[in-house]
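For reference, the structure is listed below as structure tokens.
Values reported hereafter were calculated over all heavy atoms of this structure, with side chains retained and with hydrogens, waters and symmetry mates removed. This one's a predicted model, so the numbers in the text were calculated from it and none came from an experiment. Within every chain, numbering begins at 1; the chains are lettered A, B, ... in the order of the sequence lines, protein sequences first and strands thereafter.
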Amino acid sequence: MIATDAARHRIYLVDGSGYIFRAYYALPPLTRPDGTPVGAVLGFCNMLQKLIDDTKVDGSVSHLAVVFDSARKTFRNDIYPEYKANREAAPEDLVPQFSLIRDATRAFSVHSIEREGYEADDIIATFVARARTIGAEVVIVSSDKDLMQLVGDGVTMLDPMKNRIVDLPEVLEKFGVAPDRVVDVQSLAGDSTDNVPGVPGIGIKTAAQLINEYGDLESLLARAAEIKQPKRRENLIAFAEQARISRQLVALAADVPLEEGFDGLLVADPDPATLEGFLAENGFKALLAKVRSRNGSPAGALPAAAPPAGSDPDPVAGAAAPSGGDEAPAPSDSVYELVQDTGALRRWIAAASKAGVVAVDTETTSLDAMRAELVGVSLSAETGRACYIPLGHVAPAPTGELAFDGGDSSMPEAPKQIDRDEALALLKPMLEDPAILKVGQNLKYDLLVLRRYGVDIRPFDDTMLLSFTLDAGRHGHGMDELSELHLAHKPIAFKDVAGSGKAMKSFAEVPLERACDYAAEDADVTLRLFQVLKPRLATEHLATVYETIERPLAPVLVAMEAAGIKIDSGQLTALSSDFAGRIAEYEKEIHALAGDAFNVGSPKQLGEILFDRMGLEGGKKGRNGAWSTDANVLEKLAAEGHELPARVLDWRQLAKLKSTYTDALQNQINPQTGRVHTSFAMAAAATGRLASTDPNLQNIPVRTAEGRKLRRAFIAEPGHKLISADYSQIELRLLAHIADIGSLKAAFRDGLDIHAMTASQVFGVPIEGMDPSVRRSAKAINFGIIYGISAFGLAQQLGVPQRQARDYIDAYFEKYPGIRAYMDRTKEFCHHHGYVETVFGRRCHIGGINDRNPARRGFSERAAINAPIQGSAADIIKRAMIRMPEALAAAGLKARMLLQVHDELIFEAPEAEAEATAALVTSVMEKAALPARALSVPLTVDAGIGDNWGEAH
DNA sequence: GTGTGGCA
DNA sequence: TGCCACAC
């Protein structure tokens with residue numbers, strides 16, 4: 001029955017090992033969100049799926065197997081030790097894909113075959129020999145020319161890379177002989193990739209000619225003396241034995257001992273859940289969608305990525321079993337302990353000391369670290385064990401109706417917990433012990449909270465910063481996301497513990513057991529993440545970025561956030577009411593002009609008024625079918641003399657200033673310090689830039705006169721000055737350096753006006769007496785270049801037709817061909833690696849760089865061009881910031897660094913030290929790239945001193 | 001190009 | 001959620 005079945009149909013044998021290498025080099029280096037490389041795996045899966053589809057369609061397949069090499073050493077090494085000795089070890093990012101490809105094969109319910117000591121080719125040859133005896137057809141799926149010797153007599157090859165069938169004509173074309181003589185040709189010609197020696201001076205062409213003339217290798221060697229060409233004759237005689245050895249190497253062994261009969265290779269349908277689970281786990285979205293639609297699976301139904309959790313082996317107090325119904329349990333064997341007495345606390349501190357590494361997490365009453373009160377601390381010194389130490393819990397707030405409990409109506413008491421100061425006194429030596437590494441997730445927050453309790457955590461590692469350094473641009477770096485990604489575990493959500501929105505309660509009110517489940521799990525997860533992420537720093541060569549930039553910056557930012565900046569509240573209030581009055585006036589005017597009282601703040605209504613009712617020209621409809629009313633459109637209309645759009649622009653400016661700045665800022669003043677304390681997000685921008693939130697002090701207006709009034713509300717303490725120091729043209733300078741543009745670098749060294757120079761180069765006008773509008777255009781082009789420029793973007797910026805913008809760009813590239821070369825280089829690098837690098841080695845991953853959609857790909861390419869420039873500038877100012885506190889202290893200056901605005905630092909200094917501070921700050925900033933990277937352009941810094949930010953700038 | 005935030 | 005506007 002086996003024979004008949006096999007004979008009736010076709011046996012497909014996939015050369016798995018050969019395919020892996022070819023897919024690896026042919027495809028872009030795709031990675032899973034957790035960093036696992038999967039490019040070859042995806043290629044393999046696509047190939048397999050396509051094969052299954054194609055063969056199903058023609059109904060020809062009956063048996064299917066993937067064959068793999070096993071072990072590097074085979075019987076061929078006994079014949080010739082140098083066989084394949086020239087092969088380099090598999091690339092680092094290919095190695096983990098081997099086992100994934102075996103998993104993939106299983107997931108597709110395809111049989112895989114390997115035999116210790118044999119290459120895949122030999123196994124295939126053995127099956128081919130057996131198939132021939134029973135008259136079955138075989139299709140070998142491979143691009144490996146070594147398998148061509150098997151073709152013919154019911155055997156064909158299918159090249160999956162080229163999607164091409166290889167049969168007799170193709171073999172004849174490749175080797176010049178029929179398949180049964182391919183081995184003879186190869187043994188003469190040798191093969192440099194497999195280190196098969198052959199005979200010197202003989203290639204495939206000559207070998208084929210000789211074999212066709214003499215019949216086979218042995219006949220040729222026997223009659224070698226007859227050969228006319230002296231060199232060829234001598235070599236064939238001298239290297240006859242080498243040719244025979246080569247023949248043994250290239251001839252495939254058809255006698256591999258295989259238990260598998262053909263009946264073991266019958267095709268089977270994959271289990272939908274298993275296959276979809278595998279594809280989902282590896283992020284193969286397109287393939288998953290295809291398989292799902294075929295299986296009729298609902299789009300959301302994902303087999304859980306997390307391994308099934310075992311039952312809790314240790315039912316001690318506070319064990320991890322979450323009280324909720326369906327959320328994933330804690331990492332399977334974790335045990336959490338509630339610490340309520342000093343004895344237990346001492347044991348945990350001793351455990352941390354013994355381990356030398358401890359994950360730490362603090363629970364507080366607020367997300368705002370400057371207002372947060374400490375509620376508890378969790379620790380994990382050993383994987384799977386964590387504790388929660390409640391310190392500031394209060395009795396849970398009464399929930400709704402009180403049940404009559406028979407009499408005791410006294411206030412519920414606070415739960416049992418160690419006295420906060422006593423616990424901190426015990427914890428402090430451990431948290432500050434230089435021999436114990438503390439690990440946190442976004443530890444900047446904990447540092448900021450604990451510094452108000454007199455505790456300074458050091459030394460430390462931060463899993464968020466590790467993740468950011470390793471995977472910026474690939475995914476977010478919050479703990480929940482990292483846990484799901486790296487640990488296949490979904491931690492208890494904060495909102496499930498404390499609620500959310502209006503019903504949110506303070507963590508201090510969460511019952512201890514519930515708080516322990518949540519808090520201890522965070523420490524547990526943090527330690528596990530640390531164990532996953534930290535080793536990657538070295539293997540991925542990112543330790544320097546993390547250790548010299550990200551980690552040391554955190555305490556510097558803590559000091560800046562703690563310092564805050566003083567706001568003149570009165571000035572802000574006055575500004576606010578001034579704006580309010582004028583907004584109302586504009587509104588009246590606008591309604592009068594429109595002849596209708598509509599909501600000026602609604603772009604939808606505005607668009608209808610302008611274009612539908614008033615019938616103005618130049619309207620564009622956006623994607624949602626609504627009229628576009630952005631500033632560009634309104635400015636154009638205003639320039640044509642229409643008054644309504646002009647007033648709307650005025651209205652918008654003030655409305656924005658009022659709502660976003662004057663009003664919001666006042667609510668952000670900390671009542672205890674009287675200052676505004678922004679929070680700098682370290683892991684927000686993929687380029688390495690910081691972001692500022694609550695409030696965002698990196699987008700305080702400066703462009704317009706009205707906006708600048710706001711900056712004047714940022715003031716220095718009495719007797720102090722604000723100092724603003726900003727890098728001049730840092731991104732253009734870095735472009736000149738990175739792209740290595742001689743003329744640009746020279747211009748910066750000579751201190752020329754770079755925009756005027758660009759204008760004169762691109763438009764061919766002399767710098768002397770240049771029209772300011774010409775220089776302005778050049779400036780826009782320079783910015784556009786940094787942003788990766790598109791004709792569309794530049795046209796938008798300059799308000800000129802796209803054609804004209806295109807001409808400008810062409811003219812620019814004509815003058816600076818090196819910049820186009822840089823852009824092409826960078827895109828190419830990113831297409832291949834999926835990331836780009838800054839001057840200091842920071843990696844910025846760019847998603848969608850290989851997207852098939854040209855618009856999306858173009859967007860990613862512009863990001864790839866911009867990231868090394870923006871990111872290098874971010875690195876440089878971070879380096880300056882890290883050095884700044886020490887430099888100030890060494891110079892005996894009392895100045896404090898308060899803010900960073902991408903290329904600008906704001907300081908507050910005693911009036912008498914303002915000049916000295918400005919000079920020192922300038923020097924530190926200008927030298928910030930040194931000594932690690934000597935730039936080929938100078939960095940220059942402009943510093944200003946004033947009583948307020950507007951004045952200092 | 002990179003962000004945050006307010007509003008409908 | 002998308003639009004708009006502010007910063008570098």
Looking at the rings of A:Tyr546 and A:Phe468, which for Trp means the six-membered one, are their centres under 6.0 Å apart? no
Candidates B:dG5, B:dA8, C:dC8 - which lies nearest the side chain of A:Lys656: B:dG5
Quiz question: by atom type and distance under 3.5 Å, do the side chains of A:Gln870 and A:Thr687 form a donor-acceptor pair? yes
Can you see if the side chain of A:Asn599 gets near the phosphate of B:dA8 - specifically, an N or O under 4.0 Å from OP1 or OP2? yes
Look at the side chain of A:Phe859 and decide which nucleotide, out of C:dC4, C:dA7, B:dG1, has an atom nearest to it. B:dG1
With heavy atoms under 4.0 Å as the rule, sort A:Ile700 into base, sugar-phosphate or nothing. sugar-phosphate
Presence of A:Arg689 side-chain N/O under 4.0 Å of B:dT2 phosphate oxygens OP1/OP2: no
Can a side-chain donor-acceptor contact be found between A:Gln802 and A:Gln796 if the only test is distance below 3.5 angstrom? no
In whole Å, I'd like the distance from the CG atom of A:Leu697 to the C1' atom of C:dA7. 11 Å
Out of B:dG1, C:dC8, C:dA5, which nucleotide sits closest to the side chain of A:Arg652? C:dA5
Rounded to whole Å, please give me the gap between CH2 in A:Trp651 and P in C:dA5. 11 Å
Determine the interplanar angle of the A:His477 and A:His475 rings, folded into 0 to 90°, and report it as parallel if under 30°, tilted if 30 to 60°, perpendicular if over 60°. tilted
Compare the minimum distances between each of B:dG3, C:dC6, B:dG6 and the side chain of A:Ala691, then state the nucleotide with the smallest one. B:dG3
